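Residue numbers start from 1 in every chain, and the chains themselves are labelled A, B, ... in the order their sequence lines are given, proteins ahead of strands. None of the values given here were measured: they were computed from a predicted structure.
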Amino acid sequence: MLDPRLYREEVDKIRHGLERRGAKVDLDAMVNMDIEKRKINVRLDQLKSERNVATESIAKLKRAGQDAQADIEKTRTLGDEIKAQQEKFDDLEARFKAMALLVPNLPHASVPDGRSSADNKVVKEWRHKPASAPAGADGVKPKHHLDVGKELGLFDFERGAKITGSGFPIFTGLGARLERAMLNFFLDFHVAHHGFTEISPPFVVNKASMIGTGQLPKFEEDMYHCDADDLYLIPTAEVPVTNMHGNEVLDAASLPISYAAYSACFRREAGSWGKDTRGFLRLHQFNKVEMVQFSDPATSYQAHEFLRECAETLLQKLGLHYRVLELCTGDLGFGAAKCYDLEVFAPAEERWLEVSSVSNFEDFQARRANIRTKIDGKMQFVHTLNGSGLATPRVLVALLESHQTAEGGLRVPEVLQPYMGGVAEIKPKKK
RNA sequence: GGAGAUGUGGCAGAGUGGUCUAUUGCGUCUGAUUCGAAAUCAGAAGUCCGUGAAAGCGGUCCGGGGGUUCGACUCCCUCCAUCUCCGCCA
C-alpha cells in the first residue's frame, strides 16, 4: 500500500510511477474520494465533539439530581446524524481502501524503464569453470535433465500425477536426498555465513497474512484455499515470515532482522497452462528456502544488495553458470520497488531459468501488515525485503544438465556431499 | 470435540452504566538534590485519523467485529487468542 498522504500531496508522483510500470489505476476517483472522506471526517469530529460536551453535561446534571431531558434530546439528535455521517465515512473509506490495496508499488528511481521481461537489464554474468569435463564439453550436447533423472532414478512425474495431479512431482531415492541436501545446505549456509535466523513457519495462513504481503486481494485465483477453515496454502515462506511481525513495533536496535525459512510452496499457476507445463519448470508444489529481512528504511537498498549476494553465493558454491537481471519497471512484481532476478543456465534446455527473485518492497508490505519501528522517537514503517535463496526445482535442472559425467552419472557439488552421506557422484544403475 | 475461566497502557494489576481526562505499583524519560550515583522529591510520557505554517485543537483506541443506551472498560451477541479440566489423536 502506498502512503495515503501521496494521494493528496503528491498525486503526480503516483501517476508517474504507475505510468512507468504500465499500471492502470483510476487515480482521479481515488483522489476525489479522499477529499470527500476528509470533508466528512471534519464534520464527524465536530458532531462527536458536541455530543461529548452534551454527554458530560447530562452526567453532571444527573449526579446533581437535576433534569437532563434537554441534553438527552440533543444527544439523541446528534447521535442520529453521527450515525448517518459515520456510515457515509465508513463506506467511502472501505471503497478507498479496496482500491488502494490494488495499487502496485512505485518503482525506485534506479529501476530501468521498460515494458516487459525483454527490457530487463543483465547486470552480471557469472560463468563457472567446470572442475571436470561435463557432458557438453568437446561439442557433445549434454543430456536433457528429464532423461538424466530418469536414468538415475531421481524422480517420478507419472506417479506424482497419479496421486495428485500434474505439477506435483515425486522425488525418489538419491533424487529426494539431493533435493533435501540442497535445502539443508542453503539453510545452514545462510545461518552460518550470512547471519540469518532460521524459521520454520506454518505452510497455511489466514487471509490477513495474504493481504499483508500483497498476494491478496489481487491474486486470489493463484492461491490454493481451504474453504472449511478459510485458510490459504502459502505460495512462498515470505508470507508467514513477513507477517510474523504484523502489528508490531520492532525495536530499532534489532534491525535489520534477517530470517531464512524453508517451506513447501503452493501455486495454482492459473492462466499459465501451456507455458512450461512439462517437467520442473512450472510446478504446483515445490520447495524453497526464502530469505526475509526487516530493515531500517535508511539502509534498505544496501540490504537489497546484500540479499542478492547471499543468493548468488549459493549458485557459485554449486558451480552453476548464472546471470543477474535488474527487472525493468514493466516486469516488476506487484509490491516490489526494485527487484533482481537470478537466472541459472540450463545447457541442455539452452535457456536461462529464474531461480531467485530478490526484492525490496520498501514500506509497501509494512503498511499493509502494519510493521513499524521507532527511530529517534519517530514512528515509521520498516522496509521489508525478500529473496529466494533458493528454490530447488530449477536449480536441480541446472545441476543435472551442468554436472554430468562422461559415464552418464551426476557429479555432486562438493558443498552438498556432506549432506549426501559423502556421495560424490550419482552413478547410473547397472544394466 | 465437550465444560469452564480470562483478555485493560512497556509489564503487573484495579475498575460492574455517567468527574474514566483509566486508580495504583514497577519500569522509562526529564528536572531538582548530589562532586557523581543510589535513594528521595517534582513533572512528563502512547496509537491512529483530521485540522493547522507551527504551538495547539478536535476525534479515536480497554483482544477483533457487531448490538443495546442520551451515554459502554462496564450489559448483550459473535469471532479470535490464552489458561484449566475432560475426551480424542499423531
Side-chain angles (χ1 to χ4, degrees), chain A residues 1-11 30-101 200-212 216-217 226-232 240 243-255 257 264 363 365-382:
Chain A
M1 214 152 58
L2 305 180
D3 184 346
R5 251 177 269 276
L6 294 179
Y7 291 97
R8 69 189 74 137
E9 287 166 13
E10 295 181 78
V11 188
M30 294 186 72
V31 169
N32 287 332
M33 283 166 85
D34 180 60
I35 292 170
E36 181 67 13
K37 192 161 67 99
R38 274 148 59 214
K39 232 191 267 174
I40 295 174
N41 192 14
V42 169
R43 173 98 183 101
L44 202 49
D45 281 356
Q46 272 171 1
L47 289 168
K48 283 178 178 172
S49 178
E50 282 177 40
R51 181 175 64 180
N52 287 344
V53 170
T55 296
E56 200 178 330
S57 162
I58 293 170
K60 266 181 194 156
L61 290 170
K62 287 254 181 187
R63 243 178 287 119
Q66 292 175 314
D67 178 55
Q69 204 50 41
D71 279 321
I72 288 179
E73 287 306 322
K74 193 176 172 188
T75 47
R76 206 183 298 244
T77 315
L78 281 170
D80 289 343
E81 172 136 24
I82 287 171
K83 195 169 182 184
Q85 295 293 327
Q86 187 73 53
E87 270 169 28
K88 268 165 98 179
F89 180 84
D90 290 346
D91 174 63
L92 264 174
E93 183 158 78
R95 284 194 289 138
F96 182 86
K97 192 173 181 195
M99 289 180 83
L101 285 174
S200 177
F203 294 179
V204 181
V205 296
N206 59 29
K207 190 169 206 154
S209 297
M210 282 298 204
I211 291 171
L216 290 181
C226 310
D227 288 328
D229 301 293
D230 195 19
L231 295 171
Y232 294 83
N243 283 287
M244 255 171 80
H245 290 304
N247 293 316
E248 287 183 22
V249 178
L250 303 176
D251 180 6
S254 69
L255 301 177
I257 297 173
D363 64 4
Q365 294 180 324
R367 282 181 187 280
R368 291 173 162 246
N370 190 27
I371 307 169
R372 296 175 297 168
T373 186
K374 206 173 214 172
I375 295 174
D376 297 329
K378 215 184 121 201
M379 207 51 111
Q380 50 188 296
F381 291 102
V382 299

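In the model, Thr55(A) has no side-chain atom that pairs as donor or acceptor with a side-chain atom of Asn52(A) under 3.5 Å.
Closest of all the heavy-atom pairs between Val11(A) and Tyr7(A) is CG2-O, 3.1 Å.
The base-pairing partner of A42(B), taking Watson-Crick or G-U wobble contacts with both distances under 3.5 Å, is U30(B). Pair assignment for A14(B): none, as no Watson-Crick or G-U wobble contacts are both less than 3.5 Å.
Contact check, Arg372(A) against G46(B): no side-chain N or O comes under 4.0 Å of OP1 or OP2.
For the pair Lys83(A) NZ and G66(B) C1', the interatomic distance rounds to 11 Å; values are reported in whole Å. Atom C1' of nucleotide G17(B) and atom CD1 of Ile72(A) are separated by 13 Å, given to the nearest angstrom. One interatomic measurement links the two molecules: NZ of Lys62(A) to C1' of C70(B), which rounds to 8 Å at whole-angstrom precision. Atom pair Asp90(A):CG and C48(B):P shows a separation of 20 Å (rounding to whole Å applied). As rounded to whole Å, 12 Å separates atom P of A53(B) from atom CD of Glu9(A).
Using a 4.0 Å heavy-atom cutoff across all strands shown, Arg43(A) reaches no nucleic acid atom at all.
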Go along nucleotides 57-64 of chain B 5' to 3' and tag each nucleotide: B for a protein heavy atom under 4.0 Å from its base, S when only backbone or sugar atoms are that close, - otherwise.
-BSS----

Assign a letter to each nucleotide of nucleotides 73-81 of chain B from its 5' end: B, base within under 4.0 Å of a protein heavy atom; S, sugar-phosphate only; -, no contact.
---------

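A salt bridge is absent between Lys88(A) and Glu36(A); no separation between the charged side-chain nitrogens and carboxylate oxygens falls under 4.0 Å. For the pair Asp91(A) and Arg95(A), the salt-bridge criterion is met [side-chain N within less than 4.0 Å of a carboxylate O].
Glu93(A) has its side chain within reach of Phe89(A): a pair of non-hydrogen atoms, C-beta onward, lies under 4.5 Å apart.
Taking atom C1' in both U74(B) and U84(B), the straight-line distance is 26 Å, to the nearest Å. A distance of about 47 Å separates the C1' atoms of A42(B) and C79(B), rounded to the whole Å.
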